[in-house]
Amino acid sequence: MEKRVGSGSGWGGTWESTDVKFTSAGEWDIEAYDGDGLTFNTPAYQDVLSMKFDGKDYEEKGPTVAPGSTSAGKRVNPHTLEVSDKVKGEVMDHTKYEVSQDGKTLTLTIRETGQPKALTIVYDKM
């Protein structure tokens, strides 16, 4: 489970893992990007993705990011995003991002290509 740390409303804010054990901190900073887009920043991995939800590919950047990594997405509604992650044009996974109505919980449902079951990760806003 993740929780929001710091201020922010809706999508914006810092999210931290609370019950999933990762090899490093499970924290994201999500901020507004270029009007209706978002920037996802994972400090532990120095990974940054700034994207709009117009179906176009946006480059993921950082020292540990695989070359040719991009993401494309769309807004389903004000609380739900659908994002496809690719490496050199090959789809690696599809992720649904859902923020609860009260803005305190972020749920990711990740469907990796070729895997029969989805992975669900829940974050709490701190």
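Numbers here simply count residues along the sequence, with the first being 1. Since the structure is predicted, the reported quantities are computational estimates derived from the model, not experimental observations.
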Report task. Any chance you could lay out the side-chain contact (heavy atoms from CB on, under 4.5 Å) test for Glu82 and Thr95, step after step, and finish with the verdict? Result -> CA-CA 6 Å; Glu82 291 180 350; Thr95 303; over 6 Å; no
**Report entry** From CD (Glu60) to CE (Met51), nearest 0.5 Å
**Finding:** 10.0 Å
Report task. Report the distance from atom CH2 of Trp28 to atom CG of Leu106, rounding to the nearest 0.5 Å. Result -> 6.0 Å
Query - Least distance between heavy atoms, Pro67 atom then Val87 atom - result: O-CG1, 3.8 Å
Query - Gap separating the CG atom of Asp36 from the NZ atom of Lys52, nearest 0.5 angstrom - result: 5.0 Å
Query raised in the report: Going from OG on Ser84 to CG on Asp93, what distance comes out if it is rounded to the nearest 0.5 angstrom?
Result: 7.5 Å
Query - Spatial distance of atom NE2 (His94) from atom CZ (Arg111) [nearest 0.5 Å] - result: 10.0 Å
Query raised in the report: Taking it one step at a time, do Thr107 and Thr120 satisfy side-chain contact (heavy atoms from CB on, under 4.5 Å)?
Result: CA-CA 7 Å; Thr107 302; Thr120 301; 3.8 Å; yes
Query raised in the report: Does the side chain of Asp54 reach to within under 4.5 Å of the side chain of Lys74, using non-hydrogen atoms?
Result: no
Requested in this report: Walk me through it: do Asn41 and Ile30 pass the test side-chain contact (heavy atoms from CB on, under 4.5 Å)?
Outcome: CA-CA 6 Å; Asn41 179 7; Ile30 302 174; over 6 Å; no
Report summary line: In terms of heavy-atom contacts, Ala72 and Gly55 come closest through CB-O, 3.6 Å
Report summary line: Residue set satisfying ring pair (Phe, Tyr, Trp, His ring centres under 6.0 Å) with Tyr58, at least two apart, ordered chain then number -> none
Requested in this report: Spell out, as yes or no, whether a donor-acceptor pair under 3.5 Å connects the side chain of His79 to the backbone of Val99.
Outcome: yes
Query raised in the report: Does the Thr80 side chain pair with the main chain of Asn77, one donor and one acceptor, at a distance under 3.5 Å?
Result: no
Query raised in the report: Are the side chain of Thr39 and the backbone N or O of Ser50 linked by a donor-acceptor pair below 3.5 Å?
Result: no
Requested in this report: Take Phe40 and Glu31 through the side-chain contact (heavy atoms from CB on, under 4.5 Å) test and state the conclusion after the steps.
Outcome: CA-CA 7 Å; Phe40 300 89; Glu31 300 175 356; over 6 Å; no
Query - Shared hydrophobic cluster for Leu119 and Leu108 (ILVMFWY, side-chain gaps under 4.5 Å) - result: yes
Query raised in the report: Out of curiosity, does Tyr33 fall in the hydrophobic cluster containing Phe53 (side-chain heavy atoms, cut-off under 4.5 Å, transitive links)?
Result: no
Query raised in the report: Same cluster for Val65 and Ile110 if Ile/Leu/Val/Met/Phe/Trp/Tyr side chains link at under 4.5 Å?
Result: no
Query raised in the report: At what distance, to the nearest 0.5 angstrom, does OG1 of Thr105 lie from CD of Glu98?
Result: 11.5 Å
